[in-house]
Amino acid sequence: MDETRHERIRAAVAAIPEGRVATYGDVAAEVGETSARLVGRVLREDGSDLPWHRVLRADGSSAPQILDEQHARLRAEGVEIRDGRVVLANHRVASGWIS
DNA sequence: GCGGTGACAATGC
DNA sequence: GGCATTGCCACCG
């Protein structure tokens, strides 16, 4: 595949099923050629057309800048949120959800 | 080429 | 569970 990291990250995020979430580290692991920081950068740059709200931090929290929309969209999809943190144990996608 | 910065992660206290 | 430190990669002045 001649896709760049940017495209791979977008594909991985777009492959997250509705009602499920993934951490930046999980997305980076699926891409396998990038780091968690790269994922955040791509989502900020070109996440407008992606389910970026399904991507969370390793502890289930998220950045304050996007937290309000993150919170609203996830609940709309049926994702449980506990004290500002998503319940990863019940909504985290399995490793290799793309393949 | 260098230092600073950021939608992060892992570890230690 | 929360805060501080370190490491990571790409972009900007």
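In the text below, chain A, chain B and the rest are named by the order of the sequence lines, each starting its count at 1.
- Two residues are said to be in side-chain contact when any heavy atoms from C-beta on lie closer than 4.5 Å; A/His53 and A/Glu69 fail this criterion.
- Per the geometry, CZ belonging to A/Arg44 stands 14 Å off C1' belonging to C/dC9, to the nearest Å.
- When both distances must be under 3.5 Å, the Watson-Crick or G-U wobble mate of C/dG1 does not exist.
- As a whole-Å value, the separation of A/Ile66 CD1 from B/dG6 P is 15 Å.
- In this structure C/dC8 sits in no base pair that meets the Watson-Crick or G-U test at under 3.5 Å.
- At whole-Å resolution of the value, CD in A/Glu45 and P in C/dC11 are 8 Å apart.
- The environment of A/Asp68 atom CG is dense: over 12 non-hydrogen atoms of other residues, nucleotides or ligands sit within 6.0 angstrom.
- The CG atom of A/Leu50 sits 17 Å away from the P atom of B/dA7 (whole-angstrom rounding).
- The CG atom of A/Leu56 sits 6.0 Å away from atom CG of A/Leu74, with the distance rounded to the nearest 0.5 Å.
- Following rounding to the nearest Å, A/Arg57 (CZ) and B/dT11 (C1') show an atom-to-atom distance of 15 Å.
- A donor-acceptor pair is defined here as one N or O able to donate and one able to accept, closer than 3.5 Å; no such pair exists between the side chain of A/Arg92 and the backbone of A/Val21.
- Of the candidates C/dA10, B/dA7, B/dA9, the closest approach to any side-chain atom of A/Arg41 belongs to C/dA10.
- Across the protein-nucleic acid pair, A/His6 atom NE2 and B/dA7 atom P stand 16 Å apart, rounded to whole Å.
- Between A/Arg85 and C/dG2 there is a side-chain polar atom (N or O) within less than 4.0 angstrom of OP1 or OP2.
- Going from atom CG of A/Asp59 over to atom P of B/dA10 covers 10 Å, rounded to whole Å.
- The side chain of A/Arg5 sits closest to C/dA10 out of B/dA7, B/dA9, C/dA10.
- In this structure, A/Leu38 CG and A/Ile9 CD1 are separated by 5.0 Å, a value rounded to the nearest 0.5 Å.
- Taking the C1' atoms as reference points, C/dG13 lies 22 Å from B/dA7, given to the whole Å.
- Comparing atom distances between the A/Leu38 side chain and each of C/dC9, B/dA9, B/dA7 picks out C/dC9 as nearest.
- Rounded to an integer number of Å, the gap from CD of A/Glu33 to C1' of C/dA10 is 15 Å.
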